[in-house]
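Encoded as structure tokens, the structure appears first; notes follow it.
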Amino acid sequence: MSPGSVWLGIGLVVVGCYALKLAGLSVPERLLAHPLTRRATDLIPVALLGALIAVQVLATGRDVVVDARLAGLAVAFVLLCLRVPFLPVVAGAALVAALLRL
Amino acid sequence: MRRPTRVVADSLGVGVATGAYGVAFGALSTSSGLTVLQTCALSLLAFTGATQFAFVGVVASGGNPVTGALTGVLLGSRNLFYGLSIADRLRVRGWRKAATAHLVIDESTAMAVAQTDDESARTGFYWTGISIFVLWNLMTLVGALAGNAIGDPRTYGLDAAVGAAFLGLLWPRLTSWSNRGVALLGAAVALGLVPFTAAGLPIIAGGAVAVALGLVLRRGAAA
């Protein structure tokens with residue numbers, strides 16, 4: 001990846017996210033009060049995060065690969081079920097994946 | 001009305017706990033190939049955690065940064081509704097509104113809407129937002145320097161940590177069976193597309209299919 005294209009992506013993220021935040025404080029509420037819009041906005045993070053997890057954990061380029069990352073995710077799942085906070089969950093997943101690769 | 005000191009203390013507690021995640025973001029970002037400057041720019045200027053993780057995740061897996069940006073901005077769309085839900089309580093105009101907008105994130109909004117009166121809502125919003133902003137950026141820098149020192153993200157299992165971070169961000173939203181179904185569907189569609197499309201696109205396509213089906217099922221259930 002070229003540094004220029006990464007900076008372009010960062011610029012788009014920054015402008016896009018700030019525009020959304022500012023619009024929320026500026027737009028009259030009734031414009032976005034449609035239940036379908038609300039429901040869609042509720043679902044977008046859920047669907048995207050689900051997709052991100054799958055690709056991050058199981059994809060390597062264009063191949064689907066099962067490796068230590070999946071064990072890390074399983075550990076994260078168990079820790080979250082036990083109500084462990086965010087940082088120890090992330091660290092626990094990393095630790096298990098690293099140990100499996102020794 | 002709650003005592004202002006109580007609201008400030010609660011806000012700082014959330015601020016410290018959330019700001020600390022910045023170290024995870026910084027380390028994952030630089031070990032994925034972004035520079036320290038790029039990593040810190042994201043935390044300073046985008047300042048919305050899930051979006052930042054998503055952008056770095058897509059770019060690290062070989063995706064086009066523009067695809068990564070699209071994924072990130074879509075994730076940031078919830079901030080639009082956060083702003084809507086608190087605009088009446090904050091009542092800001094001009095440059096104050098421009099500055100306040102930057103602080104509209106999950107935690108500051110949650111702290112504001114949890115208060116019963118407008119004064120406490122403003123106190124909670126700004127103390128939470130500003131304390132997270134300061135710590136998130138400091139911890140991003142610390143993590144970014146550590147990530148640089150680590151080098152390959154596979155060392156210490158940092159590549160596995162990204163998936164765990166996404167699951168941690170998703171977890172509070174998995175409160176209903178319909179949301180769990182939508183998350184699984186997004187994962188399944190994205191995974192199915194991995195062999196056939198450029199990196200990054202399966203995430204957006206999987207997300208889009210899952211949202212569309214979630215809306216259709218919801219409408220069916222309501223009818």
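In what follows, chains carry the letters A, B, and so on, assigned in the order in which the sequence lines appear, proteins first and then strands, with residues in each chain numbered from 1. The structure displayed is predicted, hence computed values, not measured ones. Scope of the values below: all heavy atoms of this structure, side chains included, with no hydrogens, waters or symmetry mates.
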Separation of [Y] [atom2] from [X] [atom1] (nearest 0.5 Å):
X	Y	atom1	atom2	answer
A/Leu80	B/Trp171	CG	CH2	5.0 Å
A/Ile44	B/Arg78	CD1	CZ	11.0 Å
B/Arg93	A/Leu25	CZ	CG	12.0 Å
A/Asp42	B/Leu215	CG	CG	10.0 Å
B/Leu170	A/Ile53	CG	CD1	5.0 Å

Of the backbone (N, CA, C, O) and the side chain (C-beta and beyond), which part of [X] lies under 4.5 Å from a heavy atom of chain A, both, or neither?
X	value
B/Leu37	both
B/Thr51	side chain
B/Leu191	both
B/Thr100	both
B/Ala98	both
B/Ala198	both
B/Tyr21	both
B/Val189	neither

Under 4.5 Å from a heavy atom of chain B, the part of [X] involved:
X	value
A/Leu48	both
A/Leu36	both
A/Val57	side chain
A/Arg101	side chain
A/Ser26	both

Shortest non-hydrogen contact from B/Ser178 toward A/Arg39: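 What the structure gives for the nearest pair is OG-NH2, 3.5 Å.
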Shortest non-hydrogen separation from A/Ala47 to B/Gly207 and the atoms involved: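 So the two residues come closest at CB-O, 3.5 Å.
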Partner of A/Leu52 by side chain to side chain contact (heavy atoms under 4.5 Å, CB included), out of B/Leu167, B/Val162, B/Leu169, B/Ile203: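 The option that passes is B/Ile203.
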Pick whichever of [options] has the most heavy-atom pairs under 4.5 Å with chain A.
options	result
B/Ala183, B/Ala190, B/Ala24, B/Ala210	B/Ala183
B/Ala46, B/Ala188, B/Gly76	B/Ala46
B/Ala17, B/Ala20, B/Gly68	B/Ala20

Backbone N/O of B/His102 and side chain of A/Lys21: donor-acceptor pair under 3.5 Å: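 At least one qualifying donor-acceptor pair exists.
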A/Tyr18 side-chain N/O to B/Phe47 backbone N/O, donor-acceptor pair under 3.5 Å: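 Flag not set: sc A/Tyr18 to bb B/Phe47 has no pair under 3.5 Å.
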Pairwise side-chain contact, B/Phe166 with A/Val55, heavy-atom cut-off 4.5 Å (strictly under):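 No, side chains not in contact.
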Verdict with reasoning, B/Phe55 to A/Ile10, per side chain to side chain contact (heavy atoms under 4.5 Å, CB included): CA-CA 8 Å; B/Phe55 177 77; A/Ile10 291 173; 3.7 Å; yes
